[in-house]
Every structure is written in C-alpha cells, then in structure tokens.
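Down below is the structure, laid out as structure tokens.
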Amino acid sequence: MGSLGNNGESFILDYCLGLTSGERTARVEAFIASSERAAEIHGRIQAALGPLASLYSEPCPEELAERTVRLLCAVSQGAQVARTQTTYSSSHTLEDCWQCLSRSILMKLSS
C-alpha cells in the first residue's frame with residue numbers, strides 16, 4: 001500500500017485503534033491524506049468503530065486479553081480450537097497475534 005509498504009492496511013487499523021505513536025502516527029496520517037484507497041479504508045474502519053464509542057469501558061485483565069488474541073488468531077488461521085483450551089505455539093509473539101487479527105478484521109471490512 002504505497003509508502004507504508006505491504007502492511008499499510010494493518011497500520012491504518014492500528015492507527016484507528018490508537019496503537020500508533022510518534023513517527024508512525026504521522027506517516028499513517030500522511031498516507032491517509034495522500035491515498036484515496038487509504039482514506040476509504042480509514043473511513044470504513046472509523047464507521048465500524050463508531051458505535052463502540054458509546055460503550056462504557058473497563059480494564060481487561062492482561063491474561064484474558066492475551067488469551068483472546070491467541071484464540072482469535074488461531075480461529076482466523078483456520079485452526080480447530082478446543083472450547084476450553086487454546087493451543088498456540090510459544091514461538092509466536094503477541095505482536096504476531098495482533099497483526100494476524102488486524103489482517104482478519106481488514107479482510108472482513110474490505111468485503
């Protein structure tokens with residue numbers, strides 16, 4: 001995706017979720033401003049996230065968040081996941097899971 005490389009869509013999603021900072025935020029904002037496709041993706045993500053703004057948020061326990069991300073990654077990769085136990089290779093990092101999850105979300109938004 002242009003100046004952000006192959007991960008442009010993931011960077012836009014990260015930006016929309018408030019997961020970028022500093023130079024990366026500036027690069028994503030510039031990319032959105034200069035690319036019609038990036039602006040369209042940004043708009044679709046913002047529209048999807050809009051209803052969530054009215055929800056009350058409370059802290060999620062770190063363990064639950066990590067298990068949820070691992071489960072979503074396993075599901076998005078087509079793995080069979082047991083209801084009570086999620087198996088996920090320890091060689092994968094939490095960042096790998098977020099990238100996997102963001103790609104899956106973007107595929108749904110692009111459809």
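The first residue in the sequence is number 1, and the count goes up from there.
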Subject >> Side chains of Leu17 and Ile45 in contact at under 4.5 Å (non-hydrogen atoms) >> reply: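 Sidechains of Ile45 and Leu17: no contact.
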
Subject >> Side chain proximity check, Arg37 to Glu9, heavy atoms < 4.5 angstrom >> reply: yes

**OP:** Sorted by first residue and then second, give each ring pair (Phe, Tyr, Trp, His ring centres under 6.0 Å) pair with at least one member in residues 42-73; sequence neighbours left out.
**Re:**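 Output for this query lists Tyr15-His42.
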
Original post:
If only atom types and distance count, is the side chain of Thr25 paired as donor or acceptor with the main-chain N or O of Thr20 below 3.5 Å?
Top reply: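 Indeed, once roles are kept as given, a pair shorter than 3.5 Å links the two residues.
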
Subject >> Under 3.5 Å donor-acceptor, Thr68 side chain and Leu64 backbone >> reply: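 Indeed, once roles are kept as given, a pair shorter than 3.5 Å links the two residues.
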
Original post:
Quick one: CD1 on Ile12 to OG on Ser35, what's the gap to the nearest 0.5 Å?
Top reply: 7.0 Å

Subject >> OG on Ser34 to CD on Glu36, rounded to 0.5 Å >> reply: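 Answer rounded to 0.5 Å: 11.5 Å.
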
Original post:
Which pair of non-hydrogen atoms, one from Cys60 and one from Ala65, has the smallest distance, and what is that distance?
Top reply: SG-N, 3.8 Å

Original post:
At their closest point, which heavy atom of Ile32 faces which heavy atom of Ala38, and how far apart are they?
Top reply: CA-CB, 4.0 Å

Original post:
Would Leu72 and Val75 count as a side chain to side chain contact (heavy atoms under 4.5 Å, CB included) if you check the C-alpha gap in whole Å, the side-chain angles of each, and the deciding distance to 0.1 Å?
Top reply: CA-CA 5 Å; Leu72 290 170; Val75 169; 5.6 Å; no

